[in-house]
Amino acid sequence: MSSFSVRFLAPQALQSTSSSRPKTWVLAAPTTAPASVEVDAGRLEPRVEERDGYFVLKEKFREGINPQEKVKIGKDPMKLFREGGIEGLAKMSMEEIDKDKTTKDDIDVRLKWLGLFHRRKHQYGRFMMRLKLPNGVTTSAQTRYLASVIRKYGKDGCADVTTRQNWQIRGVVLSDVPRILKGLEEIGLTSLQSGMDNVRNPVGNPLAGIDPEEIVDTRPYTNLLSQFITANSRGNPTITNLPRKWNVCVVGSHDLYEHPHINDLAYMPATKDGRFGFNLLVGGFFSPKRCEEAIPLDAWVSTDDVIPVCKAVLEAYRDLGSRGNRQRTRMMWLIDELGLEVFRSEIAKRMPQKELERASSEDLVQKQWERRDYLGVHPQKQEGFSYVGFHIPVGRVQADDMDELARLADTYGSGELRLTVEQNIIIPNVENWKLEALLNEPLLKDRFSPEPSILMKGLVACTGNQFCGQAIIETKARALKVTEEVERLVSVAQPVRMHWTGCPNSCGQVQVADIGFMGCMARDENGKPCEGADVFLGGRIGSDSHLEEGCSL
């Protein structure tokens with residue numbers, strides 16, 4: 001993959017240290033870490049300790065920590081949820097909050113543990129709320145509720161399908177948050193632990209349980225992971241103080257719809273001695289300074305150990321991960337520092353049986369599999385039923401769109417919708433005799449086509465600077481405009497995946513796209529600063545997925 005830069009004018013935004021301690025030498029398995037890694041024995045001392053159920057950084061490890069770590073030491077962010085602190089905040093004005101450092105840290109940092117992100121730069125006093133939606137499965141009732149939340153915010157209210165099979169809703173005001181949280185609980189949703197230094201939404205096969213070609217139904221595992229991560233939506237303080245965010249997925253098909261190579265932990269289906277389970281990949285991530293593919297841990301777990309190994313990996317990362325420069329705190333940096341084999345041993349000693357089986361050679365994912373398109377109409381494994389995939393342009397929906405999607409799921413399906421990492425939506429369980437009527441619905445004709453144009457179907461865009469304070473450029477409206485113009489000028493015979501991301505944090509995952517656009521500042525013909533994009537070429541997903549080393553700019 002290579003990159004270069006372009007510049008353009010902005011369109012209108014879419015509406016809506018040394019030691020005398022003994023040292024241990026180990027040989028690491030193939031990874032980005034050196035072949036031999038010197039590990040100070042003292043380095044393996046846990047850096048956190050439990051206090052009142054919450055894990056706090058020990059005093060002797062606090063030198064040189066980043067500002068976010070200082071905020072966490074000052075007050076456990078989860079207390080805003082577990083001890084009702086959010087009710088008090090909701091009664092305060094933004095002016096009152098901003099006068100006090102502690103409450104300002106609450107809204108700008110700690111509320112992210114409740115899935116709330118203050119849009120201080122572009123929507124002062126407004127918040128984005130991120131949900132937990134394991135495997136991207138949701139119901140019509142849940143969708144209607146989210147629509148009712150954003151509708152009251154008018155032009156400030158909208159929703160996005162994210163690149164982790166999830167919903168984000170926008171325009172939320174702080175005074176409404178207690179009521180919204182109560183409503184989420186009543187319909188079986190939560191926003192808890194969906195932001196900052198927590199585990200992100202567990203991703204699985206969007207066709208789980210209905211795909212004739214699936215290897216395993218991922219829904220039971222992603223649900224168990226989500227239940228463990230949030231302690232059944234009550235909050236799990238043992239894993240809420242990680243050094244950085246952490247992603248997990250369970251692979252259920254040969255298509256690798258779950259993008260395992262960009263997750264911190266990926267479960268890859270494999271059998272061993274007649275038992276079904278998973279080989280493990282670890283360490284995949286994007287950041288402004290570094291991007292890495294996940295690497296094999298040389299470990300296999302049975303289905304009974306899906307949660308224990310997740311817990312062990314998270315605890316090893318929580319206990320040992322660096323908490324200094326935020327650009328060097330993702331889990332792969334720890335793997336590099338310790339070497340893969342020492343990292344593996346740290347996980348093994350945190351397992352209930354104090355050991356990990358070595359990886360199996362019996363991988364179940366076919367290596368030369370041509371990735372299937374889930375958009376359009378496709379037969380399910382259940383006779384007489386089909387699923388229908390709709391293209392949601394750059395993932396943006398309004399309240400009325402959500403109500404209509406819910407109605408379609410009820411009228412033609414089983415009241416269920418599936419979100420995908422490409423920001424699209426699937427309605428499963430449609431009886432075949434209802435297909436014609438569904439395909440003739442105005443929403444599918446006018447907005448969310450099951451048969452989008454060849455370039456539109458591969459289009460992905462992050463939030464952009466319409467709402468996100470970190471984004472350098474606007475992305476969603478620009479992505480649509482550029483794609484429409486390219487389609488007018490160029491004829492292509494096969495899909496080309498184009499991803500847009502507003503900044504080097506790469507929420508739009510440009511490193512896996514055929515063509516990726518990353519927001520940057522450039523200079524125009526007069527030498528004046530203007531918005532631009534670094535252009536990435538040649539990323540791959542599926543069985544031959546690949547990220548280029550050194551992709552940061």
Side-chain angles (χ1 to χ4, degrees), residues 1 28-33 163-165 199-205 215 218 221-222 225 242-270 277-287 289-301 305-306 309-314 316-317 320-321 328-344 346-347 356 358-361 363-365 367 369 371 421 505-507 509-513 539-552:
M1 182 171 65
T31 177
T32 55
T163 54
R164 290 203 67 79
Q165 290 186 308
V199 181
R200 296 301 194 262
N201 194 52
V203 167
N205 179 13
I215 302 169
T218 57
Y221 304 107
T222 53
L225 285 165
L242 300 176
R244 204 67 161 82
K245 68 178 181 180
W246 194 88
N247 294 321
V248 62
C249 76
V250 183
V251 169
S253 83
H254 306 287
D255 306 90
L256 303 187
Y257 293 127
E258 308 83 0
H259 293 188
H261 296 89
I262 59 175
N263 279 262
D264 292 275
L265 175 62
Y267 295 84
M268 306 294 292
F278 301 92
N279 284 332
L280 304 178
L281 302 178
V282 291
F285 79 105
F286 297 140
S287 79
K289 299 297 183 183
R290 181 183 179 189
C291 303
E292 288 288 348
E293 297 177 53
I295 58 175
L297 182 62
D298 189 14
W300 177 91
V301 294
D305 279 335
V306 165
V309 79
C310 179
K311 180 175 182 289
V313 174
L314 284 170
Y317 180 42
L320 302 174
R328 300 173 67 90
T329 55
R330 292 295 296 270
M331 194 172 76
M332 184 62 94
W333 290 100
L334 177 63
I335 296 170
D336 285 350
E337 184 182 359
L338 301 183
L340 187 64
E341 196 61 29
V342 169
F343 178 74
R344 186 185 186 281
E346 287 297 313
I347 296 167
L356 269 177
R358 293 289 173 177
S360 170
S361 61
D363 289 307
L364 294 178
V365 176
K367 302 301 183 185
W369 182 270
R371 196 173 193 264
V421 298
N505 287 308
S506 204
C507 296
Q509 304 174 347
V510 296
Q511 293 86 356
V512 302
R540 297 198 299 270
I541 59 174
S543 62
D544 62 345
S545 60
H546 177 72
L547 300 178
E548 183 70 21
E549 291 185 11
C551 64
S552 59

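- Residues Val251 and Thr218 come closest through the heavy atom pair C-CG2, 3.7 Å.
- With hydrogens and angles disregarded, a donor-acceptor distance shorter than 3.5 Å links the side chain of Thr163 to the backbone of Cys507.
- With sequence neighbours excluded, the residues that form a side chain to side chain donor-acceptor pair (under 3.5 Å) with Asp264 are Arg330.
- Residues passing the side chain to side chain donor-acceptor pair (under 3.5 Å) test with Lys311, sequence neighbours excluded: Glu315.
- Partners of Phe278 by ring-ring contact (aromatic ring centres under 6.0 Å, His included), not counting sequence neighbours, listed by chain and number: Tyr221, Tyr267, Phe276.
- Counting heavy atoms from C-beta outward, Met331 and Phe285 have side chains that stay 4.5 Å or more apart.
- With sequence neighbours excluded, the residues satisfying side chain to side chain contact (heavy atoms under 4.5 Å, CB included) with Val421 are Gln165, Val203, His259.
- Heavy-atom minimum distance, Val282 versus Met332: O-CE, 3.9 Å.
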Apply side-chain contact (heavy atoms from CB on, under 4.5 Å) to the pair Arg290 and Asp336, showing each step before the final yes or no. CA-CA 13 Å; Arg290 181 183 179 189; Asp336 285 350; 2.6 Å; yes

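- By the ring-ring contact (aromatic ring centres under 6.0 Å, His included) test, Phe343 is found to be paired with no residue, residues two or more places apart in sequence or in another chain being considered.
- The backbone N or O of Gly252 lies less than 3.5 Å from a partner atom in the side chain of Glu258, making a donor-acceptor pair.
- With sequence neighbours left out, the side chain to side chain contact (heavy atoms under 4.5 Å, CB included) criterion links Ala270 to Asn279, Trp300, Ser360, Asp363.
- Taking each heavy atom of Lys245 and Tyr317 in turn, the nearest pair found is O-OH, 4.2 Å.
- Here the closest non-hydrogen pair linking Cys310 and Leu225 is SG-CD2, 3.7 Å.
- The two residues Arg164 and Asn263 come nearest to each other via the heavy atoms NH2-OD1, 3.0 Å.
- A cation-pi arrangement is not found for Arg244 relative to Trp333, the charged atom failing to lie both closer than 6.0 Å to the ring centre and inside a 45° cone about the ring normal.
- Considering only heavy atoms from C-beta on, Ile262 stays 4.5 Å or farther from Asn247 through its side chain.
- Among residues two or more places apart in sequence or in another chain, the side chain to side chain contact (heavy atoms under 4.5 Å, CB included) test is passed with Ala299 by Leu280, Leu297, Arg344, Leu356.
- Side-chain contact between Asn201 and Thr222 is absent, with no heavy-atom pair separated by less than 4.5 Å.
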Verdict with reasoning, Arg358 to Glu341, per salt bridge (Lys or Arg N to Asp or Glu O under 4.0 Å): CA-CA 11 Å; Arg358 293 289 173 177; Glu341 196 61 29; 2.6 Å; yes

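- When all heavy atoms of Leu320 and Leu334 are compared, the closest pair comes out as O-CD1, 3.6 Å.
- Side-chain contact between Leu256 and His261 is present, with at least one heavy-atom pair separated by less than 4.5 Å.
- Considering only heavy atoms from C-beta on, Arg200 stays 4.5 Å or farther from Trp246 through its side chain.
- Counting heavy atoms from C-beta outward, Leu281 and Ile295 have side chains that stay 4.5 Å or more apart.
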